[in-house]
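Notes to accompany the following structure.
Numbers for residues simply follow the sequence, beginning at 1.
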Amino acid sequence: MSERKTELILGDCSDVLKTIPDSSVDCTITSPPYDNIRTYGDTLEWSFEKFMTIANELYRVTKQGGVVVWVVNDQTIDGSETLTSFKQALYFKEIGFNVHDTMIYMKHNPLPNAGNRYQQAFEYMFVLSKGKPKTVHLQMVPRRNATGDKRTERVLTRNRNVDGSTGEQHYTKINDIVPKQNVWEYLIGGGNSTQDKIAFQHPAIFPEQLVADHLLSWTNEGDTVLDPFMGSGTTGKMCSAYNRNFIGIEVNKDYFEIAKKRINNANPLF
């Protein structure tokens with residue numbers, strides 16, 4: 001097995017991405033700025049035009065069959081959600097990506113909100129592919145019935161006769177395990193005791209297990225994974241743990257230093 005490579009770059013990803021070779025990245029797992037909800041230490045310069053530049057570069061650097069996992073949400077302005085997330089998904093499709101799956105990241109313990117809206121408890125995870133995904137390892141779970149219990153190995157079915165009457169009954173074997181649903185639920189913030197505490201110096205981290213689940217779904221050991229909005233380094237830390245090569249880009253120097261510490265201190269899982 002070749003030695004795993006990690007490259008951390010301090011800079012604006014709209015510029016740094018241009019230095020990455022064509023078709024060299026197997027998977028991107030990232031969470032970009034959400035409209036103008038946070039300033040990220042006053043280093044954020046964000047617009048749809050900048051997004052388009054980054055999206056074009058992501059398409060260029062992604063290998064045929066590679067995947068981009070784009071975790072995003074919308075700001076509410078003047079009483080209406082912006083739907084920027086969907087505008088971005090449509091632009092990704094326009095430049096050549098397939099929208100392979102629209103997944104939901106459900107927060108088990110979301111922050112409470114006041115006002116006239118239901119509690120905001122999820123974000124979108126757009127799984128974008130450059131052609132047909134070349135690597136798919138669907139995460140499997142036990143099959144459950146409507147009450148949440150494990151299904152039995154057999155299901156009683158009855159044939160229907162031509163005249164509409166019930167025919168002979170028989171049992172049909174069903175699979176014991178099935179792919180997970182595309183709504184993934186995680187603890188966030190202080191409720192996630194497995195997250196290292198230094199990460200919370202960044203204002204918008206996502207759970208380590210979320211990244212791990214996507215790595216296991218769309219990549220193999222030795223693949224190259226990119227995070228152009230590295231933040232506190234969660235994607236890089238999980239790449240270290242699961243033996244993936246990693247390229248991380250971060251514009252904020254303070255967050256860059258946090259990411260370096262987390263990634264360098266990560267322990268392999270095998």
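The two atoms that bring Pro110 and Ile188 nearest to each other are CA-CD1, 4.1 Å, heavy atoms only. When all heavy atoms of Leu111 and Gln119 are compared, the closest pair comes out as O-NE2, 3.5 Å. Listed here is the closest heavy atom pair of Gly248 and Met230: CA-SD, 3.6 Å. Between Lys134 and Gly66 the shortest heavy-atom distance is CE-N, 4.4 Å. When every heavy atom of Met106 is checked against every heavy atom of Ala121, the shortest pair comes out as SD-O, 3.4 Å. Scanning both residues, Glu81 and Thr76, for their nearest heavy atoms gives CG-OG1, 3.7 Å.
Note: Ser217 OG to Leu138 CG = 7.0 Å, rounded to the nearest 0.5 Å. If you take OG on Ser24 and CG on Asn245, they are separated by 11.0 Å, rounding to the nearest 0.5 Å. Taken to the nearest 0.5 Å, the CD atom of Gln209 stands 13.5 Å off from the CD atom of Glu185. Atom CZ of Phe92 is separated from atom CG of Asn98 by 13.0 Å, given to the nearest 0.5 angstrom. The CZ atom of Phe51 sits 10.0 Å away from the OG1 atom of Thr53 when rounded to the nearest 0.5 Å. Taking CD of Gln181 as the reference point, atom CD1 of Ile104 lies at 12.5 Å (rounded to 0.5 Å).
Remark: side-chain polar atoms of Asp227 are not paired, donor with acceptor, to backbone N or O of Thr28 under 3.5 angstrom. Remark: the backbone N or O of Asp15 is not paired with any side-chain donor or acceptor of Thr19 at under 3.5 angstrom.
No hydrogens or angles considered: a donor-acceptor pair under 3.5 Å links the side chains of Asp74 and Ser85. Thr219 and Asp26 share no side-chain donor-acceptor pair at under 3.5 Å. There is a side-chain donor-acceptor pair under 3.5 Å between Asn56 and Tyr91. Between the side chains of Arg60 and Ser23, not a single donor N or O lies within less than 3.5 Å of an accepting N or O. In this model, no donor atom of one side chain and acceptor atom of the other lie less than 3.5 Å apart for Thr224 and Arg244.
With respect to Lys107 and Glu123, a salt bridge is recorded, a charged nitrogen being found less than 4.0 Å from a carboxylate O. Checked for salt-bridge contact, Arg262 and Glu208 meet the test: a charged N lies under 4.0 Å from a carboxylate O. Taking a cutoff of 4.0 Å between a charged side-chain nitrogen and a carboxylate oxygen, Asp12 and Lys50 qualify as a salt bridge.
Counting heavy atoms from C-beta outward, Phe48 and Lys87 have side chains that approach closer than 4.5 Å. By the 4.5 Å heavy-atom criterion applied to side chains, Met103 and His214 are counted as neighbours. Contact of the Ser14 side chain with the Glu57 side chain is not registered, since no non-hydrogen atoms from C-beta on lie closer than 4.5 Å. You'll find the side chain of Val16 stays beyond 4.5 Å of the side chain of Glu250, heavy atoms only. For the pair Tyr105/Tyr186, a side-chain contact is recorded, criterion being any heavy-atom separation below 4.5 Å from C-beta on. When side chains are defined from C-beta on, Gln139 does not count as touching Pro179, because their heavy atoms never get closer than 4.5 Å. By the 4.5 Å heavy-atom criterion applied to side chains, Phe229 and Pro33 are counted as neighbours. Between Pro32 and Trp70, the closest side-chain pair of non-hydrogen atoms falls below 4.5 Å.
Screening Ile247, Leu210, Ile29, Leu226 against Thr235 for a side-chain contact (heavy atoms from CB on, under 4.5 Å) leaves a single residue, Ile29.
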Q: Report the C-alpha distance between His137 and Asn220 in whole Å, list the side-chain angles of each, state the deciding distance to 0.1 Å, and finish with yes or no for side-chain contact (heavy atoms from CB on, under 4.5 Å).
A: CA-CA 9 Å; His137 306 297; Asn220 297 309; 2.7 Å; yes
**Q.** Val71 vs Thr30, side-chain contact (heavy atoms from CB on, under 4.5 Å): CA-CA, chis, key distance, verdict
**A.** CA-CA 6 Å; Val71 183; Thr30 195; over 6 Å; no
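Phe97 does not carry Lys130 over the face of its six-membered ring by the limits of under 6.0 Å from the centre and within 45° of the normal.
A single hydrophobic cluster is seen to contain both Trp218 and Val183, as judged by linkage of ILVMFWY side chains at heavy-atom distances under 4.5 Å, directly or through other members.
Residues satisfying the side-chain contact (heavy atoms from CB on, under 4.5 Å) test with Asn264, not counting sequence neighbours, are Lys260.
His108 NE2: 12 or fewer foreign heavy atoms inside a 6.0 Å radius. Surrounding NZ of Lys5 are at most 12 heavy atoms belonging to other residues, nucleotides or ligands under 6.0 Å away.
Ring-plane geometry between Tyr124 and Phe126 is classed as parallel, the angle between the planes falling under 30 degrees on a 0 to 90 degree scale with a further cut at 60.
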